[in-house]
Each structure stands twice: as structure tokens, then as C-alpha cells.
2 protein chains.
Amino acid sequence: MSKHRDAPRQRRGSAQPTLQRVAEAAGVSPITVSRALNNPEQVKEETRNRVLDAVERLGYVPNLVAGSLASSRSRFIAVIVPSLANAVFIEVIKSLQDTFEQQGYQILLGNTDYDTDREYQLVRTFLGWSCSALVTAGLRHNEACRHLLANCEKPVMEVMELGDAVDLNVGLDHREAGRCMARHLLERGYRSIVYVGACLDRDYRAGLRYSGHREVLEPAGRDTPLVELPTFGGLEAGAGALERALAEYPGTDAIHFANDDLATGALLHAHRLGKRVPEDIAIAGFNGLPLGQHVTPRLTTILSPRETMGRLAAEQVLRRLEGKGVTRRRQDVGFTLVAGESS
Amino acid sequence: MSKHRDAPRQRRGSAQPTLQRVAEAAGVSPITVSRALNNPEQVKEETRNRVLDAVERLGYVPNLVAGSLASSRSRFIAVIVPSLANAVFIEVIKSLQDTFEQQGYQILLGNTDYDTDREYQLVRTFLGWSCSALVTAGLRHNEACRHLLANCEKPVMEVMELGDAVDLNVGLDHREAGRCMARHLLERGYRSIVYVGACLDRDYRAGLRYSGHREVLEPAGRDTPLVELPTFGGLEAGAGALERALAEYPGTDAIHFANDDLATGALLHAHRLGKRVPEDIAIAGFNGLPLGQHVTPRLTTILSPRETMGRLAAEQVLRRLEGKGVTRRRQDVGFTLVAGESS
DNA sequence: CGTTATCATGATAGCGCTATCAGCAAAGCA
DNA sequence: TGCTTTGCTGATAGCGCTATCATGATAACG
């Protein structure tokens with residue numbers, strides 16, 4: 001009797017004004033408020049102003065969760081990367097974000113820590129949020145994840161590398177990049193070239209580059225020694241790697257590093273060891289980070305167009321979301337060998 | 001007559017299985033499925049297994065949007081930073097994400113591009129997604145934004161700097177950091193010290209450090225010339241700034257840079273110009289990025305505990321979300337002067 | 001002038017989940 | 001034995017919005 005069942009009791013949540021309240025304040029129906037906010041052109045100017053006034057006056061903040069449920073659309077773009085410690089992914093994220101935010105999409109950022117099971121969980125979560133599209137760094141997923149991606153009926157963009165993608169693909173050929181650098185070092189006359197990378201099983205793109213490296217050096221009759229670091233690391237790790245490479249392979253005259261951080265760390269450390277670069281030891285990297293171009297000697301590296309990659313990826317996805325066909329499902333952004341003085 | 005009104009027509013969206021469908025498959029009610037997934041301990045093991053089986057079999061992916069609407073809770077943490085181009089923010093984001101993801105929260109990343117109106121829009125959007133808490137980099141907001149933050153009844157954490165926060169605050173005193181470095185340079189005997197920064201109106205924390213710098217140098221009877229770059233930039237900009245500072249203030253014997261990127265760019269460029277550091281020109285930075293510690297001479301800088309800042313911030317927010325009281329509403333993480341050989 | 005298009009707005013019915021309150025069996029207690 | 005407590009499950013009623021269809025008013029047309 002005293003349980004006012006009919007009274008719309010405030011169950012939970014805050015006393016934030018709702019669309020309903022705004023409608024009352026503006027003397028229109030809720031749906032008109034919705035239209036005034038989301039499809040302004042469908043509402044007569046005078047009505048619209050009345051609504052916007054009420055919105056302002058009440059401090060109404062639309063509940064996007066409710067809107068998303070009702071329309072089964074959200075303006076989320078899921079972006080999944082293996083790590084935030086690597087500047088390369090940051091740059092791609094940045095350029096994705098620039099492009100997507102401009103179109104009113106919100107990035108949902110996920111970090112797998114190079115763990116495919118974690119990636120699967122992230123994809124589930126993001127699909128649960130009705131994201132509009134997914135962008136993942138890389139082509140390697142576990143079985144369940146690939147299945148989910150293939151069947152989710154949303155644009156799926158795989159960036160960074162080129163290959164057998166689920167849907168859309170923008171990237172470069174890492175194996176070819178490895179070949180390219182190996183060829184360059186051969187041409188420069190280096191004979192004992194060590195490849196240095198970290199956790200090649202997880203950073204498998206560095207592994208692909210090593211494969212390319214071997215594909216060039218082996219036919220040329222050269223050894224292809226590998227120094228694999230057990231953990232990721234930046235400049236510091238590069239310094240250590242230099243010492244390890246020189247100790248383990250005494251005749252080494254060039255080192256092909258898996259990335260610019262390692263390479264630059266090694267280059268700076270070589271100074272401290274009194275080694276001349278490239279006379280005593282040549283050094284090459286991968287990525288083309290600005291850092292490498294500001295040291296002396298400048299780092300020989302391969303420039304990957306990360307900015308372009310992110311932008312193109314975002315543009316393809318947007319095109320799909322807008323119902324326009326994609327121009328190309330697979331897009332090779334290429335790379336550029338930057339021959340510095342370190343080799 | 002032929003409009004089967006009663007048939008639950010598939011209005012929109014996909015044919016993804018729903019909780020309802022899973023319930024049918026498992027022979028229980030929907031609410032039991034919900035509990036089996038979200039509060040497993042409330043469901044008998046046998047029932048739970050039956051449910052989980054059905055989930056697996058149907059490939060059910062929970063609709064988090066619906067769940068969030070019903071519970072008016074999401075597991076989103078809004079993180080708002082002014083830029084992704086700056087490594088400092090990246091590191092804070094990274095450490096926030098590490099801590100929050102571990103507790104099952106999802107980061108909603110927003111980038112203001114140093115625009116307070118954009119920040120306001122982001123806050124509105126994030127509140128619309130019923131985020132559980134907001135973390136913003138910095139204390140400066142526009143009127144509307146501050147009002148929204150103050151009245152949203154969610155934990156609001158402002159990181160990076162210390163001061164008059166809306167709610168929670170973890171950071172360091174930038175003005176004091178500026179003073180500290182200025183004192184250091186004075187003690188080392190430098191007499192003509194230029195401060196170099198970029199866009200100090202937007203990067204106002206660098207402006208605060210300049211204020212501290214002046215507070216120390218002016219009473220000591222020194223000039224406090226400023227070189228302000230019109231755009232943000234990394235190493236490249238630092239190189240240019242060095243030349244500008246030397247050209248505009250010929251007697252300069254030390255440069256206090258607003259950050260390590262600029263400082264390191266200048267330091268590397270000094271080599272190329274044939275200037276000795278610190279004999280011809282001393283160089284100091286701010287942040288304590290690894291980079292600065294790997295060049296020769298090592299960069300004198302101020303180490304800001306960014307990792308700690310992010311972690312502490314996340315922990316305070318989590319404590320609040322778990323209903324435990326925060327230990328401290330304002331937390332000074334301090335900083336450390338790292339005296340390298342560049343000064 | 002009747003007929004059809006177009007415009008502006010509204011009524012209704014969910015979107016897929018969870019909060020809340022109920023119910024009922026088994027267990028604990030005096 | 002009757003009573004309360006605990007454990008497990010279910011029925012009901014929304015969360016705050018938008019899709020869909022309907023309506024009345026005005027404009028366009030021959």
C-alpha cells in the first residue's frame with residue numbers, strides 16, 4: 001500500500017536531466033528533442049532553438065549509452081596495439097585518432113602486451129560496446145579472435161604489415177624491408193653482419209625482417225648470426241646488445257638492429273667505448289625515428305611511413321562506414337631506405 | 001492484417017545471440033545467465049556450467065551497452081590529455097592503462113590538442129558514456145568544463161601539476177622545478193641564461209617553470225631572456241632554438257630548455273656546430289627522458305616521476321571507486337634534479 | 001479543386017540488459 | 001516442531017534513448 005509502485009521511483013543513477021525532461025521544458029515530444037540534437041535539419045528552426053535553449057538551461061548531457069543501445073550504433077573505433085612503449089604504435093594511434101576524431105568517432109584503445117589471448121578478450125569487449133569498426137596492429141590472432149573478427153560484420157582493418165588479412169589491410173612488407181637492409185649492408189662491403197632483435201616471437205615483425213635478412217645473406221654465403229634480447233628495451237638495451245654482439249661474434253663489422261631505439265642506443269654507446277662508426281662497426285636500424293637522424297653519424301635505417309599508414313587506414317575505414325566502397329582492400333605503403341653515415 | 005505486430009520482428013542490428021537466447025539454450029531465466037557471467041558466486045556450480053556451456057556454444061558476446069544502460073555503470077575511465085606527440089603524456093597514459101586495465105577498466109582516450117573547448121566537448125562525451133571516473137592532464141579548464149567536472153559526482157583526477165584541483169590531484173610543482181633548475185645553473189656559475197620554450201600559453205606548465213626560473217634569477221640580478229618557439233617540435237626544433245638563442249643573445253653561456261626533446265636536439269646540434277658543451281654553452285632540460293642520459297655529455301635535467309604519477313593517480317581513483325576513502329586528495333610526487341655533464 | 005508529395009511532429013514499441021523484490025527449498029536453531 | 005536464516009532462481013519493470021509508422025498541415029500539381 002505504501003509502496004508507490006506507480007510513482008516512477010528514481011531507481012538508481014543520478015538526477016541528471018533526461019531527454020524527457022528537456023522535452024517537457026521545451027514543450028515538445030522527446031523524439032523532437034532527439035532530432036533537434038542529432039538531425040537538426042529535420043526540425044524547424046524555431047522549434048530547434050527552443051529545444052537547444054532547454055538543453056542549455058538544464059545542462060542536459062545526452063546519455064550516449066542509451067542512444068547507442070537504441071540505435072545499436074556507437075561512434076567507437078576499437079584500436080588494438082601490442083604495446084604503448086614503442087613509439088611506432090604511438091604514431092599510428094596518433095594519426096588514427098586525428099583522422100577519426102575529426103569525423104566524430106571516439107577511439108577505444110586496447111593494449112595486448114603481445115598476448116593474443118588478451119587480444120581476443122579485447123575484441124570481445126569492444127564488440128560488446130558495439131564499436132563501429134576495429135583496427136588492429138598486425139595479422140596474427142588466435143583462432144577464436146580471427147573467427148570473431150571475420151564474422152563481426154564490421155570493418156576490420158589490420159595495419160602495420162601486409163598479408164593475409166581478415167578484411168582491410170594497410171601496411172608494408174617487413175620481410176622485404178629486412179632484405180633491403182641486408183642488401184644495402186652487403187653492397188657497402190660488410191662481411192660479418194649480426195642481427196639484433198628483442199623477443200622475436202612476440203615482435204614477430206622483427207622476426208620477419210630477420211627472415212628477409214637471411215634470405216639475402218645466406219645465398220651470398222654469409223653467416224647470419226642472431227643476438228636475441230630476452231626483453232624489450234630502449235636505448236639502454238641497445239647499448240648492452242652492442243657489447244653482447246661484439247663479445248659473442250668478435251669479427252663483426254656490422255650490426256643490423258631490429259629497430260632504431262636499439263640501434264641508436266648502440267651507436268651512442270659505441271662512442272663511449274671508443275669505437276668508430278662505421279669504420280670499426282657499422283650500425284643500421286629500422287623505423288626512421290627522428291632520433292636516429294640527429295645523432296652523429298646519422299643512423300642508417302628504413303623509414304616506415306607510420307603517419308601515412310594510420311591516415312590511410314582511417315580513411316579506408318571511414319569510407320566503408322560511410323557506405324562508399326573501399327578503393328583497395330590491401331594497400332602497400334612501402335618504405336624508404338635512409339642511408340646515413342652509420343654504415 | 002498482414003502486419004504481424006506481435007511477432008518480435010528483428011528490427012535492426014545483427015542476429016547476434018542475446019542473453020535471452022542463451023537462457024533458453026541453458027534452460028534458465030535470463031537473469032541467471034546475467035548472474036552466471038557477472039556474479040558467478042551467486043549461481044550454483046552446475047547451473048553456472050550449463051550457462052557457460054551455452055555461452056560458448058552460441059558464441060555469445062555480452063552487449064555491454066545494454067548492461068551499462070541498465071546498471072548506469074560502465075567500466076570506462078576517461079583520460080584526457082592535451083597531446084599525443086609528447087612522450088610525457090604517453091608515459092602517463094601507459095601507466096594509467098596498466099593499472100586500470102588490470103582492474104577490468106577500459107580507457108577512453110581523448111586528445112584536446114591544447115584546446116579547452118575541445119576538452120569541454122570531450123568531457124561531455126565521456127560523461128555521456130557514463131564513464132566511472134575522469135582523469136585529465138592539468139588544472140586549466142574552461143568555465144563550463146570545470147562546472148561539469150565539479151558536479152558530475154564521479155571521481156575526477158587531475159594529474160601532472162599540483163594546485164587548486166576540482167577533486168583529486170597528483171602531480172608536481174612546476175614552478176618549483178623551474179626554480180630548482182635556475183638555482184642549479186646559478187650555482188654552477190652561469191651568468192647569461194636563456195629560457196627556451198614552445199607555445200608557453202598552451203604548454204602553460206612550461207610557462208610555470210619559466211616563472212620559477214625568473215623568481216630565482218631576477219633577485220640575483222640576472223636577465224631572464226626568453227626564446228619562445230611558435231610551434232611544438234622535437235629534436236629538430238631544439239637545434240633551431242639553439243641557433244636562435246645564440247644569435248639573439250650573443251653572450252649566452254647556458255640555456256634552460258622547457259623539455260628534454262628540445263634540450264637534446266640542441267645538445268646534438270651543438271656538436272655539429274663545433275660548440276663544446278658545457279664549456280661554450282651549458283644545456284639543461286626537463287623531464288628526464290632516457291634519451292638525455294644516453295648522449296654525451298649527459299643532459300642535466302629534472303626527472304619527473306611520470307610512471308609513479310600515473311600509477312598513484314590510478315590507485316587513488318580505484319580506491320574511490322571501490323568505496324574506500326582516498327588517502328590523500330592532493331599528492332605531490334616531487335621531482336629530482338639530475339645533474340649531467342651538460343651543465 | 002481534388003490529389004498527391006513534402007514537411008514537421010508525435011505515439012508507440014522496443015534495444016538487451018540489470019535492479020529490485022519474491023519465492024521456495026534446504027539448513028540452522030531453539 | 002516451528003521459526004528464522006541462507007542459498008538459489010525467477011518475474012517484473014524499467015534504464016534513456018531511437019526506429020518505425022502515423023498524423024495533420026501545408027505546398028505542389030494538373
Side-chain angles (χ1 to χ4, degrees), chain A residues 2-24 26-51 55 58 60-75 127-130, chain B residues 3-24 26-48 50-51 55 58 60-75 127-130:
Chain A
S2 60
K3 288 190 184 177
H4 310 284
R5 277 295 182 91
D6 328 287
R9 80 219 124 109
Q10 187 85 21
R11 270 207 304 163
R12 48 216 154 182
S14 55
Q16 291 297 324
T18 65
L19 215 168
Q20 174 71 46
R21 208 92 61 209
V22 175
E24 287 161 13
V28 297
S29 75
I31 190 69
T32 300
V33 178
S34 171
R35 281 195 276 250
L37 293 173
N38 302 320
N39 303 86
E41 75 285 357
Q42 287 182 19
V43 177
K44 211 202 307 180
E45 185 173 354
E46 187 242 308
T47 318
R48 187 168 63 228
N49 287 144
R50 208 142 35 89
V51 169
V55 165
L58 299 178
Y60 171 68
V61 177
N63 183 329
L64 300 175
V65 178
S68 182
L69 177 61
S71 66
S72 64
R73 285 183 285 98
S74 78
R75 290 186 77 83
L127 287 175
W129 283 110
S130 307
Chain B
K3 288 190 182 175
H4 310 283
R5 277 296 181 91
D6 329 287
R9 76 220 126 108
Q10 188 83 20
R11 271 205 307 164
R12 50 215 150 181
S14 55
Q16 290 299 324
T18 65
L19 217 170
Q20 174 71 46
R21 208 91 62 212
V22 174
E24 286 161 12
V28 296
S29 75
I31 191 69
T32 300
V33 177
S34 171
R35 282 195 274 249
L37 293 172
N38 301 319
N39 303 85
E41 75 284 357
Q42 287 181 18
V43 176
K44 213 204 304 181
E45 185 171 355
E46 187 241 310
T47 318
R48 186 168 64 227
R50 209 143 32 92
V51 169
V55 165
L58 298 178
Y60 170 68
V61 176
N63 183 328
L64 300 175
V65 178
S68 183
L69 177 60
S71 66
S72 65
R73 287 183 285 97
S74 77
R75 291 186 76 83
L127 286 176
W129 282 110
S130 308

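Chain naming here is simple, since letters A, B, ... match the order of the sequence lines and numbering starts at 1 in each. It should be emphasised that the depicted structure is a prediction, and the values quoted were computed from it without experimental measurement.
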Novice: Restricting to side-chain hydrogen bond (donor to acceptor under 3.5 Å, both in side chains), what partner residues turn up for A:Glu24, sequence neighbours left out?
Specialist: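 Once residues adjacent in sequence are excluded, the partners of A:Glu24 under the side-chain hydrogen bond (donor to acceptor under 3.5 Å, both in side chains) criterion are A:Gln20.
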Novice: Please list, chain by chain and in numerical order, all residues satisfying side chain to side chain contact (heavy atoms under 4.5 Å, CB included) with B:Thr47, sequence neighbours excluded.
Specialist: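 So B:Thr47 forms a side chain to side chain contact (heavy atoms under 4.5 Å, CB included) with B:Val28, B:Thr32, B:Val43, B:Lys44, B:Arg50.
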Novice: Return the angle between end axes of the helix from C:dC1-D:dG30 to C:dA27-D:dT4, with five pairs used per end and rounding to 10°.
Specialist: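 So the angle between the two local helix axes works out to 30°.
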Novice: Go through the structure and list residues passing side-chain hydrogen bond (donor to acceptor under 3.5 Å, both in side chains) with A:Ser68, not counting sequence neighbours.
Specialist: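 Not a single residue meets the side-chain hydrogen bond (donor to acceptor under 3.5 Å, both in side chains) criterion with A:Ser68.
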Novice: I'd like a list of close polar pairs between nucleotides 9-11 of chain C and the protein, N/O only, cut-off under 3.5 Å.
Specialist:
from: C:dT9; atom 1: OP1; to: A:Thr47; atom 2: OG1; distance (Å): 2.4
from: C:dT9; atom 1: OP2; to: A:Lys44; atom 2: N; distance (Å): 3.0
from: C:dG10; atom 1: OP2; to: A:Ser29; atom 2: N; distance (Å): 2.9
from: C:dG10; atom 1: OP2; to: A:Ser29; atom 2: OG; distance (Å): 3.0
from: C:dG10; atom 1: OP2; to: A:Thr32; atom 2: OG1; distance (Å): 2.5
from: C:dG10; atom 1: N7; to: A:Arg35; atom 2: NH2; distance (Å): 2.8

Novice: Name all residues meeting the salt bridge (charged side-chain N to carboxylate O under 4.0 Å, His left out) criterion together with A:Arg75; count only those two or more places apart in sequence or in a different chain, and write none if there are none.
Specialist: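 Salt bridge (charged side-chain N to carboxylate O under 4.0 Å, His left out) check on A:Arg75 returns nothing, list empty.
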Novice: Which whole-number value in Å describes the distance from B:Glu45 CD to D:dT9 P?
Specialist: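 So the two atoms are 12 Å apart, to the nearest Å.
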Novice: Between A:Ser74 and B:Val65, does a side-chain contact (heavy atoms from CB on, under 4.5 Å) hold up when you go through it step by step?
Specialist: CA-CA 9 Å; A:Ser74 78; B:Val65 178; 5.6 Å; no
Novice: Would you kindly give the CG-to-P distance between B:Asn39 and D:dG7, to the nearest whole Å?
Specialist: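 Atom CG in B:Asn39 sits about 15 Å away from atom P in D:dG7.
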Novice: Round to the nearest Å and state the distance from B:Leu37 atom CG to C:dA19 atom C1'.
Specialist: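 So the two atoms are 17 Å apart, to the nearest Å.
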Novice: Assuming nearest nucleotide by heavy-atom distance, tell me which of A:Ala66 and A:Arg73 is located more 5' along DNA chain D.
Specialist: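 Going by which nucleotide is closer to the 5' end, it is A:Ala66.
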Novice: Taking side chain to side chain contact (heavy atoms under 4.5 Å, CB included) as the definition, give me every residue that meets it alongside A:Val55, ordered by chain and number, with sequence neighbours left out.
Specialist: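 In terms of side chain to side chain contact (heavy atoms under 4.5 Å, CB included), with neighbours along the sequence ignored, A:Val55 is linked to A:Val22, A:Leu37, A:Val51, A:Tyr60.
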Novice: The side chain of B:Ser71 is closest to which nucleotide in this list: D:dT18, C:dA19, C:dC15?
Specialist: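 Of all the options, the side chain of B:Ser71 is nearest to C:dA19.
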Novice: For B:Glu41, check salt bridge (charged side-chain N to carboxylate O under 4.0 Å, His left out) against everything at least two apart and list the hits.
Specialist: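 Scan of B:Glu41 (salt bridge (charged side-chain N to carboxylate O under 4.0 Å, His left out), adjacent residues dropped) gives none.
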Novice: In chain order, what residues pass the salt bridge (charged side-chain N to carboxylate O under 4.0 Å, His left out) check against A:Glu45, with sequence neighbours excluded?
Specialist: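 Once residues adjacent in sequence are excluded, A:Glu45 has no partner under the salt bridge (charged side-chain N to carboxylate O under 4.0 Å, His left out) criterion.
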